[in-house]
Amino acid sequence: MDRRILEQARAMLENITPMNRDCGRICGAACCKPDEDGRGGVFLFPGEEELVGGEWATVTRLENGPGLMLACDGTCERAKRPLGCMIFPLTPEIDGEGRVSMRFDVRARPLCPLLRNGLMGLRADFRKTAEQAMRLIASDPEGLAFLREWEALERQYDFKL
Ligand code: SF4
Ligand code: SF4
């Protein structure tokens, strides 16, 4: 996808967080905790592998995923974290016309205390900026295809829960 769009989306969210204070202090940064294999994972947007990661990260391609996945050990360089981490606990939802809105990520259900207060409990500028950034991504054909594939995978996962 157009790298300028990806960089712009990342820049929009770089310094905006779901709460005014560090929400990781509430939950012990539960969403960054490694899984049972000792690692966590987040899908990378098309071309994002050139902008993220470092020695603390491993990037792999999953057979049944929309692209590459970055795994970390629960620590990272903040400026080089994936866009998927920047929008969490939200995830984009795409309608038939390609319009984007935001909802809670199904992976947040078991671990994120912010779900208790619903979407309105999140900072309004975080919600709005996350949505604007995902709309920007969806303006790129490859970005929109990625969002659709990611959402389809999330729905399968949601169905299993
Ligand atoms: S699990 Fe939720 S509250 Fe905890 S760090 Fe992640 S987004 Fe913040
Ligand atoms: S890359 Fe950073 S923000 Fe993303 S899960 Fe790992 S430690 Fe958390």
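Bear in mind the structure is a predicted one, so any value in this text is a computation, not a measurement. Heavy-atom basis, side chains included; hydrogens, waters and symmetry copies ignored. Read the numbers this way: they start at 1 and go in the same order the structure lists the ligands and their atoms.
By the 4.0 Å N-to-carboxylate-O rule, Arg127 lies too far from Glu131 to be salt-bridged with it. Ion pair Glu93/Arg155 flagged as a salt bridge, since at least one NZ, NE, NH1 or NH2 atom sits closer than 4.0 Å to an Asp/Glu carboxylate oxygen. A salt bridge is absent between Glu77 and Arg81; no separation between the charged side-chain nitrogens and carboxylate oxygens falls under 4.0 Å.
Nearest protein heavy-atom contact of atom 2 (Fe) of ligand 1 is Cys112 SG, 2.4 Å. Closest protein heavy atom to atom 4 (Fe) of ligand 1: Cys27 SG, 2.1 Å. Looking only at heavy atoms of the protein, atom 8 (Fe) of ligand 1 is closest to Cys23 SG, 2.3 Å. Of the protein's non-hydrogen atoms, the one nearest atom 6 (Fe) of ligand 1 is Cys31 SG, 2.3 Å.
Looking only at distances, a side-chain donor or acceptor of Asp140 sits under 3.5 Å from a matching main-chain atom of Asp2. In this structure, Arg10 contributes its side chain and Ala79 its backbone to a donor-acceptor pair below 3.5 Å.
Between Met1 and Ile137, some side-chain heavy-atom pair lies under the 4.5 Å cut-off.
Set against the non-hydrogen atoms of Leu111, the atoms of ligand 1 under 4.0 Å away are 1 (S). Each of the atoms 3 (S) of ligand 1 lies under 4.0 Å from some heavy atom of Pro113. Each of the atoms 3 (S) of ligand 1 lies under 4.0 Å from some heavy atom of Leu114. Near Gly24, meaning under 4.0 Å from one of its heavy atoms, ligand 1 places the atoms 5 (S).
The aromatic rings of Phe45 and Phe146 sit tilted relative to each other, their planes meeting at an angle between 30° and 60°.
Closest approach of Pro92 and Val100 over heavy atoms only: CB-CG1, 4.0 Å. Of all heavy-atom pairs between Glu154 and Arg103, the closest is OE1-NH2, 3.5 Å.
For atom 6 (Fe) of ligand 2, the neighbouring protein N/O/S atoms at less than 2.8 Å, given as residue and atom, are Cys72 SG.
When the shell of 6.0 Å around NZ of Lys128 is examined, it contains 12 or fewer heavy atoms from other residues, nucleotides or ligands.
Look at Ile26 and you'll find every heavy atom at least 4.0 Å from all atoms of ligand 1.
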